[in-house]
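Each residue takes its place number in the sequence, starting with 1. These values consider heavy atoms only, across backbone and side chains, with no hydrogens, waters or symmetry-generated copies.
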Amino acid sequence: AENCTILNNTVTGNSYGIKLETAENCLVKDNLITSNGLGVEIYYSSKNVVVHNTIADNSENGMLIKDSSDNTVIYNTIARSRKHGLYIENSPRNTICNNSFQNDGLCISPYYENPGIIIANNTVNGKPLVYLENASEVLIEDAGQVILVNCSNIIIRNSNLSYADIGVELWKVNNVIVVNNTMINNSWCGIYIEGSASREVVNTSVGIFNNTIVGCNRGVYIYRASGNTIAGNKISYSGEYGIYLFVAPHNAVINNTVSHSHGEGIDIYYDSDDVVVAENTITDCLWYGIAAGASERIYVINNSLARNGGVTSGGISFSGIVDGIIAGNTIVDSVLMSIYIATGSCLIDTNITVFGNTIISSAEYGIYLNGASNTTIASNTIAGCPEKAIVSLYSRKQMFFNNTIEGANKTGMYVGGCSNVSIFGNTITESRTGMQLKYCEDITIALNQLTTPKCGVALYSVDIAVIAGNSILSGG
């Protein structure tokens with residue numbers, strides 16, 4: 001279509017309110033576009049003008065510009081979209097000026113370049129929408145939303161970035177500080193960082209400090225970006241994750257308070273190597289408090305976790321992690337298990353150490369290992385697990401030493417289908433069965449102290465076992 005005018009219409013209740021596809025030189029003006037799926041879409045179109053429209057309460061994006069160029073979007077009111085107020089993807093040389101976003105905002109797709117775009121004089125909830133490209137040495141305060149592209153040495157502080165799609169969006173930046181801001185009920189993310197639109201991971205060196213993030217779908221989301229520090233933030237009631245790192249190596253998550261996430265409190269996934277998670281307080285999350293997967297050299301140290309987990313989750317999860325440490329954490333009242341470590345195969349050496357943790361009142365299991373070979377479980381204190389304090393299944397080359405287990409109602413330590421396991425120097429009390437091993441081989445049980453009402457050590461179909469120097473009281 002060319003040279004069309006869409007003027008003074010009320011458009012409601014449709015999959016698309018207004019859609020321009022392969023359109024040129026069209027005018028969309030003074031329309032009321034509400035309660036549709038997608039409010040306005042410009043697709044493979046150019047040189048169109050969208051002006052003085054009210055676009056509100058649409059269940060997807062208020063407006064989408066995709067694969068289009070040289071369009072003008074000015075003086076519109078865009079409000080309360082379920083996803084994004086205005087989403088721009090792979091669309092160069094568009095002009096977005098003097099629009100008012102209310103409980104809404106702007107999102108620039110990080111997956112494509114949008115060269116020559118002009119974004120100016122827009123507001124989000126009555127405050128400036130700050131959009132900068134290739135800028136440096138700028139202080140941003142009292143903004144409504146902030147989007148930075150290819151910027152460096154920027155400080156974003158003391159802003160209420162609430163009720164926007166994304167409070168802060170950082171794309172290919174370097175040395176940016178985000179400090180002392182408030183983000184409430186952002187529909188997609190509180191703070192989003194992406195290092196590169198390609199497969200490359202970029203060192204962005206962003207510091208995220210002392211922000212309050214409440215009710216956002218994701219609190220902090222880092223993708224293909226390294227060298228960042230997330231510290232001292234308070235993040236609560238996230239729709240998915242409190243903090244999410246995806247393909248994000250060499251990052252630090254320190255001293256944050258994360259609570260009531262509907263997913264994980266902190267999630268580290270896929271090639272997010274060399275990540276430190278330390279001194280955080282994580283409570284009341286519906287899945288794991290801390291989860292890490294498909295990465296190497298993950299260090300979870302001195303965190304405090306309480307009341308995390310759903311039907312199949314709990315405190316800390318390592319899935320497909322190689323070379324990791326879980327140490328010095330306090331884990332209380334996990335819904336299913338406090339620490340879970342698993343790989344896809346017992347032939348993979350995980351090289352994980354679980355050391356010096358305190359676990360109290362897990363609903364089922366304290367430490368649960370599945371296919372977790374070459375692990376060391378040492379000097380942990382586990383109290384009040386109604387099922388089993390420590391479980392190891394289908395693993396090899398494991399050591400369990402100097403652990404203290406109290407009040408595991410059924411079994412202090414259960415080992416099944418494992419080989420080359422050493423169990424020594426542990427203290428187990430008030431468990432019906434101290435240790436139970438099934439279908440195992442090459443087992444050493446030595447110098448343990450077991451006080452149990454029923455059975456100290458129970459073996460079933462175990463080959464090559466050495467049991468020596470143990471103290472077993474009140475057992476059979």
Side-chain angles (χ1 to χ4, degrees), residues 83-84 107 109-111 161 164-171 173 178 181 183 185-196 201-202 204 206-209 211-278 280-296 298-300 303 305 308-310 313 315-321 324:
K83 291 186 178 179
H84 301 286
C107 181
S109 171
Y111 304 110
L161 303 161
D165 301 341
I166 306 171
V168 176
E169 182 180 0
L170 306 177
W171 185 28
V173 301
V178 184
N181 302 284
M183 287 155 250
N185 289 345
N186 292 311
S187 60
W188 197 72
C189 193
I191 300 170
Y192 179 73
I193 303 170
E194 178 157 350
S196 172
V201 175
V202 174
T204 50
V206 175
I208 301 173
F209 305 128
N211 300 282
T212 299
I213 304 174
V214 181
C216 301
N217 190 45
R218 296 172 180 177
V220 177
Y221 181 6
I222 300 179
Y223 178 53
R224 296 197 184 282
S226 66
N228 306 290
T229 301
I230 306 168
N233 303 281
K234 295 181 179 179
I235 303 172
S236 59
Y237 295 97
S238 301
E240 294 184 19
Y241 314 102
I243 298 171
Y244 183 45
L245 276 58
F246 182 55
V247 196
H250 301 282
N251 292 293
V253 182
I254 301 171
N255 195 31
N256 301 281
T257 299
V258 182
S259 68
H260 297 93
S261 294
H262 288 192
E264 279 83 14
I266 299 171
D267 195 347
I268 303 155
Y269 187 64
Y270 195 72
D271 288 345
S272 294
D273 305 333
D274 300 289
V275 170
V276 175
V277 181
N280 300 281
T281 299
I282 305 165
T283 60
D284 300 293
C285 298
L286 290 183
W287 291 91
Y288 285 103
I290 300 170
S295 302
E296 299 182 3
I298 304 299
Y299 308 102
V300 177
N303 300 281
L305 300 94
N308 297 293
S313 54
I316 298 171
S317 170
F318 274 16
S319 180
I321 299 298

Asks: When you measure from the side chain of Ser295 to the backbone N and O of Asp273, does any donor-acceptor pair fall under 3.5 Å?
Replies: no
Asks: Give the ring-plane orientation class for His260 versus Tyr237, where under 30° counts as parallel, over 60° as perpendicular and anything between as tilted.
Replies: parallel
Asks: Could I get the full list of salt bridge (charged side-chain N to carboxylate O under 4.0 Å, His left out) partners for Asp284, not counting sequence neighbours?
Replies: Arg307
Asks: Any sub-3.5 Å donor-acceptor pair from Asp271's side-chain atoms to Val247's backbone N or O?
Replies: no
Asks: Which atom pair, heavy atoms only, marks the closest approach of Cys107 to Glu169?
Replies: CA-OE1, 4.0 Å
Asks: Could you tell me whether the side chain of Asn251 and the main chain of Ala248 form a donor-acceptor pair under 3.5 Å?
Replies: yes
Asks: Suppose the criterion is salt bridge (Lys or Arg N to Asp or Glu O under 4.0 Å): which pairs have a residue in residues 243-260, not counting sequence neighbours?
Replies: none
Asks: Write down the atom of Cys285, the atom of Tyr288, and the distance for their closest heavy-atom approach.
Replies: CB-O, 4.3 Å
Asks: Applying salt bridge (Lys or Arg N to Asp or Glu O under 4.0 Å), which residue pairs with at least one partner in residues 221-248 are found, sequence neighbours left out?
Replies: Arg218-Glu240
Asks: Whether the side chain of Asn217 engages the backbone of Cys189 through a donor-acceptor N/O pair (distance < 3.5 Å, no angle test) should be reported.
Replies: no
Asks: Ring-plane angle category for Tyr223 and Phe246, please: parallel below 30°, perpendicular beyond 60°, tilted otherwise.
Replies: parallel
Asks: Is a side-chain donor-acceptor pair under 3.5 Å present for Thr204 with Asn228?
Replies: yes
